[in-house]
**Q** 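Can you keep this structure in mind? I'll have questions shortly.
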Protein chains: 2
Amino acid sequence: MPSAFRRTVRGMRDLLPDEAEKLRYIEMKTRQVARLHGYREVITPVVEHYELLAAKVGEENRKRMYVFKDFGGRMVALRPEFTASVARLVATKMRSFPKPLRLFSVGSLYRYDEPQFGRYREFWQANYELFGSKMPEADAEILELTDNLMKEIGLRNYFFKIGHVGVLRNILSREGVAENQQNSIMQLLDKKQQDDALNLAKNSGVSQTGLNTLRNLLEIRGNDPNKVIQRIAERVKNYSEAKEAIENLSEIIRLAEASGTDAKLVLDAGFARGLEYYTGMIFEIYVPQMDIALGGGGRYDRLIEVFGGGSIPAVGVAPGIDRLALALEQQGTVLHLGEKRKVLVIPVNRELLGEAFRVSSLLKKHGLPAEVEVMGRSVSKALSEADKRGISHAVILGPREVKEGKVVLRHLNKRRQETVDLSKLTESIT
Amino acid sequence: MPSAFRRTVRGMRDLLPDEAEKLRYIEMKTRQVARLHGYREVITPVVEHYELLAAKVGEENRKRMYVFKDFGGRMVALRPEFTASVARLVATKMRSFPKPLRLFSVGSLYRYDEPQFGRYREFWQANYELFGSKMPEADAEILELTDNLMKEIGLRNYFFKIGHVGVLRNILSREGVAENQQNSIMQLLDKKQQDDALNLAKNSGVSQTGLNTLRNLLEIRGNDPNKVIQRIAERVKNYSEAKEAIENLSEIIRLAEASGTDAKLVLDAGFARGLEYYTGMIFEIYVPQMDIALGGGGRYDRLIEVFGGGSIPAVGVAPGIDRLALALEQQGTVLHLGEKRKVLVIPVNRELLGEAFRVSSLLKKHGLPAEVEVMGRSVSKALSEADKRGISHAVILGPREVKEGKVVLRHLNKRRQETVDLSKLTESIT
């Protein structure tokens, strides 16, 4: 037997029924939250032009894409995220859609990463993006929506690590650091290589005062947003654009809190998300049980321009669906996945099979999961197998009962049975 | 601007909100029908070993797979169907699961076909498989389930083209035709090349009586199953296994009809589905408006063995989700997609933005889709834009009303407005 027949491709995985059910439950919740917040779903292909996907992700991620040539000689890749595809839509087919434009996507993504805890080569994300508004209320909405999703799926003790790339970037700009140098500095900060980041800033011509300000900022973090904002504001008081950035973050947080968010906020002045396209507020979702982010987002006002869509500001978030499932598991959360009843209809002989199909169909019409015994088993054998298959009720059809319009209903969990009128069957299955 | 930024890869497509909503609606229905019939979902990867996928599909389909090497040098492919992946599961991780085992999958599949009406290179299917039973009641269940799905999504005038590969194959076997020759004959029949099929049968050693029987059979079809079965049974009365096959189909149809199926059945003695792994009943779903199948299925009792899972009989169906969406569209069916209300909360000034977030959050807690005005627009501008964005109600917050615990509620469709207590807002939005 070839090993290809026994195993998934490395880094890919199968989700068996219990796991699949959790993933689909969370997916259903992401869609419900999308609807409540006015986000409409778009479905874009898993296979996109390499050039499109590469234009959006940084160089490092480009190397991690599944890239190949199709039979037509086109260089294509499996999408590593949704944003490039959605940006393509917003810049083309949806160009004339009125703003604000709220779009949602959900599905599988592909990255050739080294597999490890919580990281697979096929993974699932939801993706919410709000296009057309540069106002802080748009950022606040994204935070509120993310918070509602976490509440809705029953996640506990989650917190948002939050920051604003405008603070550091505006200082660097004022100090004359070119944008690509800024990107390198932000990337070092994202990897927590603060000394390297400061050295690069120095070599890029940042003044001693500037370096002091940066060094001080990198130490400011805490979970009382107002206090942290106050401290940052004091540090950057001589950099007016950086000051505007922190005021913007302050307003975003105030509005999100007005909406009743539960998330604790951990504000970090040195927080930089790897992707270079962020231009404003950035955040990531965490729980104490795991040190990988469950999702993240932020503002990216210049991205749509890259895709030829004119100047359209945008803010969004991408919660990781399989990571959220993992977090719930780590927290020992039991999901309420609905209907637990499941009925097996057993005819005592093959002449009654047609009647068994009629009864099973009747139960399903009333919303009860039902199946006919299909293994040709005797009643006693069928009953003894029913337990381990999660059957809660058995309906047994005998010739005498059927003639009288009755059936035998067996409550498998309660180990009792009764003879009931067919017309009262569904209400008797409790 | 590179063309890669403007277009999907050829044969792939974007589904904008209205289309995506229909697809997801049908997907939701496929999952609901799965639950009602006791099918549990499994999720397998889009990327599988080439060897696994190639073992299942015929040679022709092998050439149509998206195949490539990943960075680890593995030959992989994008799945063209679910069955090989599910068979892998049933033969390995789920080997010890009790039978009958009912599994469901839903998602995107990939085939490098020439794009045409209803045929794309990325498409969506649901997949239902029942493992462990060789009884006709299992086949009947698959027909019943398929019928229930069609009813549930509101498809009209659909019919199942139905047959049984056992009739022709058993005649060919008795006439001494080897299995690979049988496969070639069945493939010719699938392509409606009946003369070529009969010639090949002749060259494979089929007797003149055999050829006459085959020729006669290929002309038998009709939409009165009992009559057609009668005619076939007469033709094959000297071939006992072929007779058993047609009796099996007769019993399957009787049980499916007992469950209350609506589908018209068009029985066709010369019907052969292309894939060579079918061993019993086969069927396809059609509507009069389209000449491509909306899905199909049948019995394949020897497939799991190919994947090393021992002898496990199986019967299944794979309805095409995007094809069903297309069929509904062709029939002019309007889907009932739920909540039509959508509320826009507009503060008259920025000081009231926090209050706007509180009100919007309250509405969402009551299940009402709600958004805060995020464009920084004036009330009149926001209202004039609301119409084209599908907003049904606007809630306007002014300082005086807010102080009194009231808001102005505007019914945009009815062109009237009222001042209501905040505590009575949700019930006033009708």
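Within every chain, numbering begins at 1; the chains are lettered A, B, ... in the order of the sequence lines, protein sequences first and strands thereafter. The figures here come from the full heavy-atom set of this structure, side chains too, leaving out hydrogens, waters and symmetry mates.
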**Q** Does any heavy atom of chain B fall under 4.5 Å from the side chain of A/L101, the backbone, both, or neither of them?
**A** neither
**Q** Is chain B contacted by the side chain of A/M75, its backbone, both, or neither, given a heavy-atom distance below 4.5 Å?
**A**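 Neither part; nothing is under 4.5 Å.
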**Q** In terms of heavy-atom pairs under 4.5 Å with chain A, which of B/L36, B/T92, B/D70, B/I391 leads?
**A**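 Winner by heavy-atom pair count: B/L36.
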**Q** At a heavy-atom separation under 4.5 Å, does A/E122 approach chain B through its side chain, its backbone, both, or neither?
**A** side chain
**Q** Which one wins on heavy-atom pair count under 4.5 Å against chain B: A/E19, A/M135, A/K134, A/E257?
**A** A/M135
**Q** I'd like to verify something: which residue of A/R254, A/R7, A/R121 has the highest number of heavy-atom pairs under 4.5 Å with chain B?
**A** A/R7
**Q** For A/R102 and B/E371: C-alpha separation, side-chain torsions, deciding distance, then whether side-chain contact (heavy atoms from CB on, under 4.5 Å) applies.
**A** CA-CA 10 Å; A/R102 293 175 170 88; B/E371 54 186 71; 2.7 Å; yes
**Q** Quick one: do B/K364 and A/E144 make a salt bridge, cutoff under 4.0 Å?
**A** yes
**Q** Where on A/L23 is there a heavy atom nearer than 4.5 Å to chain B: the side chain, the backbone, both, or neither?
**A**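 The side chain, not the backbone.
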**Q** Quick test of your reading of the model: are B/R88 and A/D14 salt-bridged, counting only N-O distances below 4.0 Å?
**A** yes
**Q** Could you look at A/Y110 and say if it's the side chain, the backbone, both or neither that has a heavy atom under 4.5 Å from chain B?
**A** side chain
**Q** Flag the one option from A/F97, A/F68, A/F104, A/Y120 with the top tally of heavy-atom pairs under 4.5 Å to chain B.
**A** A/F68
**Q** Where on A/V106 is there a heavy atom nearer than 4.5 Å to chain B: the side chain, the backbone, both, or neither?
**A** both
**Q** Let me confirm one number: the CD-CZ distance from B/E137 to A/F357, rounded to the nearest 0.5 Å.
**A** 6.5 Å
**Q** Partners of A/R13 by side chain to side chain donor-acceptor pair (under 3.5 Å), sequence neighbours excluded?
**A** A/D322
**Q** Determine the option with the most heavy-atom pairs under 4.5 angstrom with chain B, choosing from A/L103, A/V372, A/L89.
**A**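 Of the candidates given, the most pairs with chain B belong to A/L89.
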**Q** By a 4.5 Å heavy-atom criterion (distance strictly below it), what part of A/A140 contacts chain B: side chain, backbone, both, or neither?
**A**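 Both parts, heavy atoms under 4.5 Å.
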**Q** To check you understand the geometry: which heavy-atom pair defines the closest contact between A/I43 and B/W124, and what is its length?
**A** CG2-CZ2, 3.7 Å
**Q** Starting at CZ of B/F307, measure out to CZ of A/R6 and round the result to the nearest 0.5 Å.
**A**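 If I round to the nearest 0.5 Å, the distance is 13.5 Å.
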**Q** Output yes when A/K99 and B/E385 qualify as a salt bridge under the 4.0 Å nitrogen-oxygen rule, no when they do not.
**A**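 No.
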**Q** Mind ranking B/P369, B/A138, B/S133, B/P17 by heavy-atom pairs under 4.5 Å with chain A and telling me who comes out on top?
**A** B/P17
**Q** Among A/E48, A/E21, A/K342, A/R31, who wins on heavy-atom pairs under 4.5 Å with chain B?
**A** A/R31
**Q** Side chain, backbone, both or neither: which part of A/E27 has a non-hydrogen atom closer than 4.5 Å to chain B?
**A** side chain
**Q** Given a strict heavy-atom distance threshold of 4.5 Å, which part of A/V343 is in contact with chain B: side chain, backbone, both, or neither?
**A** neither
**Q** Could you tell me which non-hydrogen atom of A/L16 sits nearest to which non-hydrogen atom of B/K93, and how far apart they are?
**A** CD1-CB, 4.3 Å
**Q** Is a side-chain N or O of B/R389 found less than 3.5 angstrom from the main chain of A/P100, in a donor-acceptor match?
**A**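 Judged by distance alone, yes, a pair lies under 3.5 Å.
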**Q** To the nearest 0.5 Å, how far apart are OH in B/Y66 and NZ in A/K69?
**A** 15.5 Å
**Q** Quick one: closest heavy-atom pair of B/T8 and A/P45, and the distance?
**A**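 For B/T8 and A/P45, the tightest heavy-atom pair comes out as CG2-CG, 4.0 Å.
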**Q** Less than 4.0 angstrom from a charged side-chain N to a carboxylate O is my criterion; do A/E339 and B/R35 meet it?
**A** no
**Q** What residue in B/K365, B/R350, B/K388 has the most heavy-atom pairs under 4.5 Å with chain A?
**A**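 So the answer, after comparing B/K365, B/R350, B/K388, is B/R350.
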**Q** Given a strict heavy-atom distance threshold of 4.5 Å, which part of A/Y112 is in contact with chain B: side chain, backbone, both, or neither?
**A** side chain
**Q** Heavy-atom pairs under 4.5 Å with chain B are the metric here; pick the option from A/V9, A/L363, A/V42 that has the most.
**A**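 Most heavy-atom pairs within the cutoff with chain B belong to A/V9.
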**Q** Just give me the residue among B/E41, B/R358, B/M94 that pairs up with chain A most often, heavy atom to heavy atom, under 4.5 Å.
**A**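 Among B/E41, B/R358, B/M94, the one with the most close pairs to chain A is B/E41.
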**Q** Quick one: does B/V374's side chain get under 4.5 Å of A/E141's, heavy atoms only?
**A** yes
**Q** Given that the side chain runs from C-beta out, which part of A/R341 has a heavy atom under 4.5 Å from chain B: side chain, backbone, both or neither?
**A** neither
**Q** Relative to chain A, which of B/G107, B/G72, B/G132, B/A258 shows the most heavy atom pairs under 4.5 Å?
**A** B/A258
**Q** Can you tell if the side chain of A/F71 reaches within under 4.5 Å of the side chain of B/K63, non-hydrogen atoms only?
**A**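 A side-chain contact under 4.5 Å is absent here.
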**Q** I need the B/S259 OG to A/L353 CG distance, nearest 0.5 Å.
**A** 12.0 Å
**Q** Could you tell me which portion of B/R377 (side chain, backbone, both or neither) has an atom closer than 4.5 angstrom to a non-hydrogen atom of chain A?
**A** side chain
**Q** Where does A/N148 contact chain B at under 4.5 Å (heavy atoms): side chain, backbone, both or neither?
**A**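 Only the side chain of A/N148 comes within 4.5 Å of chain B.
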**Q** Highest number of heavy-atom pairs under 4.5 Å with chain A: which of B/M28, B/E251, B/E373, B/E51?
**A**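 Of the options given, most contacts go to B/E51.
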**Q** Are the side chain of B/R40 and the backbone of A/A20 linked by a donor-acceptor contact shorter than 3.5 Å?
**A**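 No: the side chain of B/R40 does not pair with the backbone of A/A20.
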**Q** For residues A/V47 and B/L78, determine if any side-chain heavy atom of one lies less than 4.5 Å from a side-chain heavy atom of the other.
**A**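 They are in contact (side-chain heavy atoms under 4.5 Å apart), so the answer is yes.
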